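The structure displayed is predicted, hence computed values, not measured ones.
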Amino acid sequence: MSIPCKRWHNAFVAIYCSRALLSHFKSNILPNKYEPILSLPYSPSYTVVDLSLNHSFLVDQATLTSVVQDKNLESLEKLGGVKGVASALGTNAEQGIKDDNLANDIACRSEVFGSNTYPKPPSRSFFHFLVEALKDPTILILLACAALSLGFGIKEKGIEEGWYDGGSIFIAVFIVIAVSCISNFRQNRQFHKLSQASNDIQIVVVRSGRRRNVSIFDIVVGDVVCLKIGDQVPADGLFVEGHSLQVDESSMTGESDNVEVNSNHHPFLFSGTKVVDGYAKMLVTSVGMNTTWGQMMSSISHETDEQTPLQTRLNKLTSSIGMVGLAVAFLVLIVLLIRYFAGKTTNENGNKMFNGSKTKFDDIVNAVVGMVAAAVTIVVVAIPEGLPLAVTLTLAYSMKKMMADKAMVRKLSACETMGSATTICTDKTGTLTLNQMKVTKFWVGQQSIEEGSYTSIAPHVLRLIREGVALNTTGSVYKSELDSLFDFSGSPTEKAILSWAVLDLNMEMDQLTQNCVVLQVEAFNSKKKMSGVVIRRKVDNTIHAHWKGAAEMVLKMCSRYYDESGILKDLDNTNRLMLEQIIQGMAASSLRCIAFAHTTVDNNEEQNKKVKEEGLTLLGLVGIKDPCRPGVKKAVEACQQAGVNIKMITGDNVFTAKAIATECGILQPNQDTVGAVVEGEEFRNYTPEERLDKVDKICVMARSSPFDKLLMVQCLKQKGHVVAVTGDGTNDAPALKEADIGLSMGIQGTEVAKESSDIVILDDNFASVATVLRWGRCVYNNIQKFIQFQLTVNIAALAINFVAAVSAGEVPLTAVQLLWVNLIMDTLGALALATEKPTIDLMNKPPVGRTEPLITNIMWRNLLAQALYQITVLLTLQFNGEAIFNVTSKVRDTLIFNTFVLCQVFNEFNSRKLEKMNVFKGIHHNKLFLSIIGITTVLQVVMVEFLKKFADTERLNWGQWGACIVIAAMSWPISWIVKLIPVPEKPLLSFLKIKGQ
């Protein structure tokens with residue numbers, strides 16, 4: 001049996017036995033009225049059973065929680081300090097949880113101390129979205145119209161036939177609400193899944209002396225966690241060892257000052273805080289709901305109610321069109337009333353419907369009710385409630401597809417904003433390159449050392465290099481006892497150097513770390529671009545400082561260097577120039593250059609808190625190769641073809657940056673690099689006017705700091721650019737937030753960077769950035785297609801009903817028929833056009849500016865041409881249809897309705913391409929579009945042929961169906977001809993130019 005089953009089995013046996021014994025005593029020892037009552041000891045009606053697991057932990061959760069959350073140093077000392085707590089938890093502060101029966105140990109710890117998860121508030125139900133939909137003013141107007149139409153219809157025609165118009169509005173509204181609710185509900189669930197995926201952070205833990213990556217949800221009490229700059233602290237715990245550790249506790253305390261964590265005064269670490277400097281190991285003491293962060297986060301809902309800029313613009317457009325519809329409906333009502341009371345309105349027999357006092361009051365009321373119903377129907381058709389639905393559908397669809405394309409959307413508005421991006425500022429390492437680094441060059445002094453000939457280097461120089469690598473690193477080396485293979489952990493650069501030192505220089509890392517004591521550490525930061533360490537050798541008690549970092553930076557701090565033979569030489573101008581040329585040569589070959597330097601430190605200098613930075617001796621140089629990603633050049637070219645400028649911002653030196661930029665296609669082979677390639681310091685020192693003047697020409701910025709990146713983003717935005725920025729470091733957060741679209745890296749990105757971004761690129765690949773750009777343009781393009789399609793129908797329906805009402809005193813399209821057309825537009829049309837996939841053509845056009853009108857001149861040309869054709873044809877049928885086809889007025893009205901619907905079906909094809917002549921290109925790939933066209937056509941046949949009473953239609957013969965299809969199909973050649981007409985660049989109707997937020 002499993003452990004929980006055993007516990008319940010023991011509990012059942014204990015309770016059953018105690019109850020049986022109690023029952024036995026009660027049945028055998030009963031007092032009577034002659035005998036004194038026997039004194040029996042009190043026995044409760046329940047039995048307490050201890051269900052706690054058998055475990056060997058010597059400290060409970062309450063004690064651990066109290067020590068850390070109260071920051072109680074006295075209690076910590078009573079427990080024996082951090083090592084005492086580790087021992088009580090059955091773990092080792094250095095080696096972590098032992099590998100003996102690891103799975104059972106982890107499971108036991110989860111049972112006793114809990115898992116690193118917390119319950120979240122329930123997600124919104126379908127009913128919530130239903131209520132939200134019913135609050136929409138458009139829906140409320142439609143429901144009011146439905147109620148009025150239902151009441152007037154029943155009064156005019158009786159209950160049997162009078163419910164058709166009002167009922168059909170209710171059905172149409174129900175379908176629109178249902179589709180909207182289902183879409184929003186599914187989108188909400190999708191957000192929850194994305195939220196779970198984004199919260200599943202990979203944490204480095206030490207178990208059995210080996211570093212492993214585990215999910216944050218799998219952290220248990222007793223784990224030893226490795227922390228570095230940019231990490232989120234995954235649980236509450238205690239500082240074990242580390243250097244210069246500073247954490248941002250503002251999320252917990254609200255205090256903006258960073259807190260220094262050390263073993264003496266403040267060894268307490270809290271879940272949810274961020275590491276801003278240094279590195280450390282921590283012992284986990286509380287997880288999940290036992291942490292302060294877990295208790296706080298469990299009460300926070302992560303629902304998103306954001307409206308994207310495009311949704312806001314469409315809501316305004318919907319309101320504007322609705323107002324026009326109300327005005328037209330009111331005008332139609334006035335005209336109908338005037339015609340009626342002026343005696344111009346006749347019935348089917350040609351008799352006047354109003355004859356003054358001779359007309360019955362009921363007849364007047366019924367006539368007015370019919371006119372109001374017609375006006376209400378016009379309002380219903382005029383309100384394009386499908387526009388917000390189309391946005392929801394296309395955003396939800398694109399989010400799902402982008403996830404499959406390795407891009408996780410954290411902020412909805414980024415989907416559409418990316419379509420307007422004019423500039424992308426990208427990192428080099430890991431984004432344009434593979435981030436798979438390997439040492440390929442090694443220089444000692446001015447001599448290149450070939451692989452396999454390292455024995456020619458002086459032993460004491462080799463020893464210093466090994467010492468500098470082993471002790472000045474945030475990585476680690478693990479050697480398997482089974483197969484003697486090495487496992488390297490750390491950043492890609494650290495892993496490359498460690499691998500080279502262990503495999504080529506025969507470095508014994510464990511031995512070196514045991515023989516030395518680390519006294520001071522200066523962690524790597526993006527400003528200095530190097531890291532330093534002060535150590536004391538145990539063998540002779542001497543103190544040494546080691547530096548490692550960007551070659552030209554380290555070289556500036558050196559005054560001497562070792563040659564291959566171990567001879568110490570002065571670094572005069574000639575020798576310095578030679579070494580600089582070596583560095584530039586490696587950089588020009590796309591190599592990242594790292595230098596090692598060393599100096600001895602006397603006891604007086606050791607008292608300083610900083611690592612000695614001057615008078616160093618250069619030990620050697622290594623060149624690390626990081627090859628470009630396959631396909632990155634093609635992706636860069638695609639972005640440039642789309643009118644998007646690519647700017648590479650890197651911390652590497654200018655020669656490496658140039659080489660990589662040329663290899664990726666950001667710089668052309670023979671391009672003049674004056675002004676196109678700058679260093680961060682140079683850009684920083686420009687005046688604001690110079691920066692604005694030169695920022696457009698810059699293609700590469702080398703040796704840049706995060707501040708330089710932020711400065712460039714601000715300059716580009718001032719110039720009117722829509723800027724997308726990639727970033728992976730903690731210090732990139734300001735630039736990611738400042739940019740219009742922040743793109744963080746899913747693999748190398750820190751948690752701080754991810755939280756500051758709008759989209760997470762899951763594979764760290766620039767090709768995925770280009771894919772996001774294509775999807776952003778697709779979202780915008782799909783919305784424009786649907787707007788063109790919907791407005792064509794709106795204009796045609798309003799014009800036909802208005803002209804017919806004014807001239808003939810009747811509306812040719814009934815409420816049910818207009819609502820059926822409305823249904824085709826709003827739900828099926830939105831579904832068909834909103835799910836078009838991105839095409840190559842989208843990347844052959846310049847970016848869409850944020851301030852450009854939503855309805856372009858091209859769209860106005862297309863929709864006005866189609867609407868004019870439909871109005872002409874349908875009004876011709878209205879006034880001459882009976883004579884042309886030799887049919888009754890009822891059949892004529894059916895012909896008008898059928899032709900109108902089929903025109904929309906054919907026009908749906910035209911709407912697929914706003915500019916291209918061939919509207920059928922790629923249609924076989926969109927099976928959903930073809931399915932919706934088929935469904936619409938079948939339903940139209942059913943409406944005309946089988947729902948005569950409901951739809952107020954007459955059956956049509958084959959000839960009449962053929963005529964309707966031919967008239968509707970004429971929209972294809974008209975569309976082709978119209979697209980030959982050029983349009984001006986200036987917006988046709990500037991009052992419809994709704995600016996982005």
Side-chain angles (χ1 to χ4, degrees), residues 82-83 85-87 89-110 113 115-116 200-229 231-235 237-243 245 269 275 278-285 287 435-437 466 469-516 518 521 747-748:
V82 176
K83 288 191 175 179
V85 172
S87 177
L89 289 172
T91 186
N92 184 288
E94 294 176 358
Q95 301 293 313
I97 299 170
K98 294 180 181 176
D99 219 349
D100 306 330
N101 208 359
L102 185 63
N104 285 344
D105 192 4
I106 299 295
C108 179
R109 290 172 188 272
S110 295
F113 298 107
S115 63
N116 200 26
D200 189 6
I201 305 163
Q202 290 296 302
I203 304 294
V204 179
V205 299
V206 179
R207 289 178 179 170
S208 297
R210 182 179 182 180
R211 294 193 182 194
R212 311 163 189 239
N213 284 327
V214 301
S215 166
I216 190 171
F217 304 129
D218 296 333
I219 299 287
V220 293
V221 170
D223 260 325
V224 174
V225 175
C226 300
L227 299 173
K228 63 181 185 301
I229 294 176
D231 281 352
Q232 175 182 312
V233 180
L238 296 167
F239 178 92
V240 175
E241 62 178 15
H243 294 279
L245 186 68
L269 287 154
V275 178
Y279 60 88
K281 288 180 182 177
M282 68 170 275
L283 174 68
V284 176
T285 57
V287 293
N435 214 10
Q436 295 173 0
M437 300 193 184
R466 290 175 186 144
V469 172
L471 300 169
N472 187 14
T473 182
T474 54
S476 67
V477 179
Y478 175 80
K479 186 176 182 180
S480 172
E481 294 177 1
L482 296 175
D483 49 17
S484 298
L485 293 176
F486 290 98
D487 182 26
F488 304 98
S489 64
S491 69
T493 307
E494 293 283 8
K495 286 197 285 187
I497 293 171
L498 287 171
S499 171
W500 165 74
V502 169
L503 301 177
D504 292 356
L505 301 186
N506 300 317
M507 180 184 78
E508 294 286 346
M509 187 154 178
D510 289 341
Q511 186 179 335
L512 284 165
T513 51
Q514 287 167 13
N515 292 341
C516 300
V518 176
V521 170
I747 299 170
Q748 287 299 315

Student: Return yes if some donor-acceptor pair links the side-chain N/O of N116 with the main-chain N/O of V287 below 3.5 Å, else return no.
Tutor: no
Student: Are a donor atom and an acceptor atom from the side chains of S110 and S115 found within less than 3.5 Å of each other?
Tutor: no
Student: So, using side-chain hydrogen bond (donor to acceptor under 3.5 Å, both in side chains) as the criterion, who are the partners of D487 when residues are at least two apart?
Tutor: R210
Student: Could you please spell out the steps behind the side chain to side chain contact (heavy atoms under 4.5 Å, CB included) verdict for W500 and L505?
Tutor: CA-CA 7 Å; W500 165 74; L505 301 186; 3.5 Å; yes
Student: How close do L283 and T91 get, counting heavy atoms only, and between which atoms?
Tutor: CD1-CG2, 3.8 Å
Student: Under a 4.5 Å cut-off applied to non-hydrogen side-chain atoms, are F113 and L89 in contact?
Tutor: yes
Student: I'd like to check the side-chain contact (heavy atoms from CB on, under 4.5 Å) partners of K495; sequence neighbours left out, ordered by chain and number.
Tutor: F488
Student: Over all heavy atoms of both residues, which pair between L227 and P234 is shortest? Give the atoms and the distance, please.
Tutor: CD2-CD, 4.1 Å
Student: Apply side chain to side chain contact (heavy atoms under 4.5 Å, CB included) to the pair I97 and V220, showing each step before the final yes or no.
Tutor: CA-CA 10 Å; I97 299 170; V220 293; 3.8 Å; yes
Student: Nearest 0.5 angstrom please: L245 CG to L269 CG, how far?
Tutor: 6.0 Å
Student: So with a 6.0 Å cut-off around NZ of K281, is the heavy-atom count from everything else above 12?
Tutor: yes
Student: Please report the C-alpha distance between Q232 and I216 in whole Å, then the side-chain angles of each, then the deciding distance to 0.1 Å, and finally whether the side chain to side chain contact (heavy atoms under 4.5 Å, CB included) criterion is met.
Tutor: CA-CA 10 Å; Q232 175 182 312; I216 190 171; 4.2 Å; yes
Student: Have a look at D223 and tell me which of R109, R211, R207, K98 forms a salt bridge (Lys or Arg N to Asp or Glu O under 4.0 Å) with it.
Tutor: R207
Student: Rounded to the nearest 0.5 Å, what's the gap from CG on N506 to CD on E508? Could you check?
Tutor: 8.0 Å
Student: Just how far is it from atom CD1 of I497 to atom OG of S491, taken to the nearest 0.5 Å?
Tutor: 8.0 Å
Student: Taking all non-hydrogen atoms of both residues into account, name the closest pair between V206 and C226 and its distance.
Tutor: CG2-SG, 3.6 Å
Student: Rounded to the nearest 0.5 Å, how far apart are CD1 of I203 and CG of D231?
Tutor: 6.5 Å
Student: Of all heavy-atom pairs between G96 and V224, which one has the smallest distance, and what is that distance?
Tutor: CA-CG2, 3.8 Å
Student: Is the shortest heavy-atom distance from the side chain of N435 to the side chain of M437 under 4.5 Å?
Tutor: yes
Student: Using the side chain to side chain contact (heavy atoms under 4.5 Å, CB included) rule, take K479 and F486 through it: C-alpha gap first, then chi angles, then the decisive distance, then the call.
Tutor: CA-CA 5 Å; K479 186 176 182 180; F486 290 98; 3.8 Å; yes
Student: Could you pull out the closest heavy-atom pair between V240 and A93, with the gap in Å?
Tutor: CG1-O, 3.4 Å
Student: About how many Å separate OG of S499 and CD of E494, when rounded to the nearest 0.5 Å?
Tutor: 12.5 Å
Student: Output the distance between atom CD (Q202) and atom CZ (R212), rounded to the nearest 0.5 Å.
Tutor: 13.5 Å
Student: Provide the closest heavy-atom pair for M509 versus G475 in the form atom of the first, atom of the second, distance.
Tutor: CE-O, 4.0 Å
